[in-house]
Amino acid sequence: MKNANQGALPELDGSQLRIGIVRARFNDDVTSALLNACTTELAALNVPSDNIEYVSVPGALEVPLALQALADSEKYDALIALGCIIRGETYHFELVANESGAGVTRVGLEHGIPIANAILTTENMAQAVARQVEKGRDAARVAVEMAQLLERLK
């Protein structure tokens with residue numbers, strides 16, 4: 001939810017983290033803005049640029065497979081999924097939204113790696129544009145916070 005009260009953030013320091021990012025190119029203007037906001041926030045959280053791996057895929061349905069490949073490498077402390085699915089006139093929206101979301105979750109659970117899911121699902125382009133920066137920043141913070149949490153719980 002846009003501008004939701006997310007509570008107090010813990011101290012976040014990504015200086016020792018390796019982060020993998022998968023960005024869907026479909027709706028490129030929005031996903032490029034998501035990526036820019038995300039990487040800007042990762043830099044603000046002290047994640048070294050050399051510790052960020054970025055790959056792109058055609059669309060949201062391809063994101064989970066790329067995440068799986070990154071997770072399989074065991075090189076990352078957290079992953080980030082970026083994409084944008086805008087409702088159209090057919091059932092395709094529900095299919096893509098549901099399957100990409102389930103795939104992202106499945107990869108995280110199967111590999112025990114946090115994945116910040118910033119695949120936007122909106123009714124129209126205006127909603128996507130209104131959320132692109134905030135959601136990109138949120139994804140960076142979620143990835144760092146969850147990587148720190150899992151390290152602490154080990």
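What you are looking at is a predicted structure, and each value in this text was computed from that prediction instead of being measured.
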For this session: Take L82 and I21 through the test side chain to side chain contact (heavy atoms under 4.5 Å, CB included) and record every step on the way to the result.
Result: CA-CA 7 Å; L82 303 176; I21 301 172; 3.7 Å; yes
For this session: Please lay out, stage by stage, how F93 and I85 fare under the test side chain to side chain contact (heavy atoms under 4.5 Å, CB included).
Result: CA-CA 7 Å; F93 170 86; I85 307 164; 3.6 Å; yes
Exercise. Where do Q68 and H111 land on the side chain to side chain contact (heavy atoms under 4.5 Å, CB included) test, with the steps shown first?
Worked result: CA-CA 8 Å; Q68 183 175 331; H111 289 274; 3.9 Å; yes
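In the hydrophobic cluster analysis, where Ile, Leu, Val, Met, Phe, Trp and Tyr join through side-chain heavy atoms closer than 4.5 angstrom, L45 is grouped together with L34. I86 and F26 end up in different hydrophobic clusters when Ile, Leu, Val, Met, Phe, Trp and Tyr side chains are linked at under 4.5 Å.
Remark: S73 engages K75, Y76 in a side-chain contact (heavy atoms from CB on, under 4.5 Å) (not counting sequence neighbours). Residues passing the side-chain contact (heavy atoms from CB on, under 4.5 Å) test with Q127 are T122, E123, N124, R131, sequence neighbours excluded. Listed by chain and residue number, E41, D138 satisfy the salt bridge (charged side-chain N to carboxylate O under 4.0 Å, His left out) test with R141 (two or more places apart in sequence, or in another chain). Every side-chain contact (heavy atoms from CB on, under 4.5 Å) that A33 has, sequence neighbours left out, goes to Q132.
Looking at V107, D72, N117, V57 one by one, the single match for side-chain contact (heavy atoms from CB on, under 4.5 Å) with L67 turns out to be V107.
Remark: T105 OG1 to I115 CD1 distance equals 8.0 Å, nearest 0.5 Å. To the nearest 0.5 Å, the span separating CD1 on I119 from CG on N27 amounts to 12.0 Å. L42 contributes atom CG, which lies 6.0 Å from atom CD1 of I19 (distance to the nearest 0.5 angstrom).
The minimum heavy-atom distance between V63 and A24, with the atom names listed, is CG2-CB, 4.0 Å. When every heavy atom of L17 is checked against every heavy atom of D77, the shortest pair comes out as CA-OD2, 3.3 Å. Residue V142 comes nearest to A116 through the heavy atom pair CG1-CB, 3.8 Å, listed as atom of the first residue, atom of the second, then distance. Taking both residues in full, the closest heavy atoms of A66 and V55 are given as CB-CG2, 4.4 Å, listed atom of the first, atom of the second, then distance. Scanning both residues, A60 and V96, for their nearest heavy atoms gives CB-CG1, 3.9 Å. Closest non-hydrogen pair, V133 versus A37, comes out as O-CB, 3.5 Å.
Applying the side chain to side chain donor-acceptor pair (under 3.5 Å) test to residues at least two apart or on different chains, the pairs with a partner in residues 50-62 are R23-Y54, R25-S56.
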Please table the atom pairs, donor to acceptor, closer than 3.5 Å between any side-chain atom in residues 145-154 and protein atoms at least two apart or in another chain.
{"unit_1": "Q148", "atom_1": "OE1", "unit_2": "D13", "atom_2": "N", "d": "2.7"}
{"unit_1": "Q148", "atom_1": "NE2", "unit_2": "E11", "atom_2": "O", "d": "3.1"}

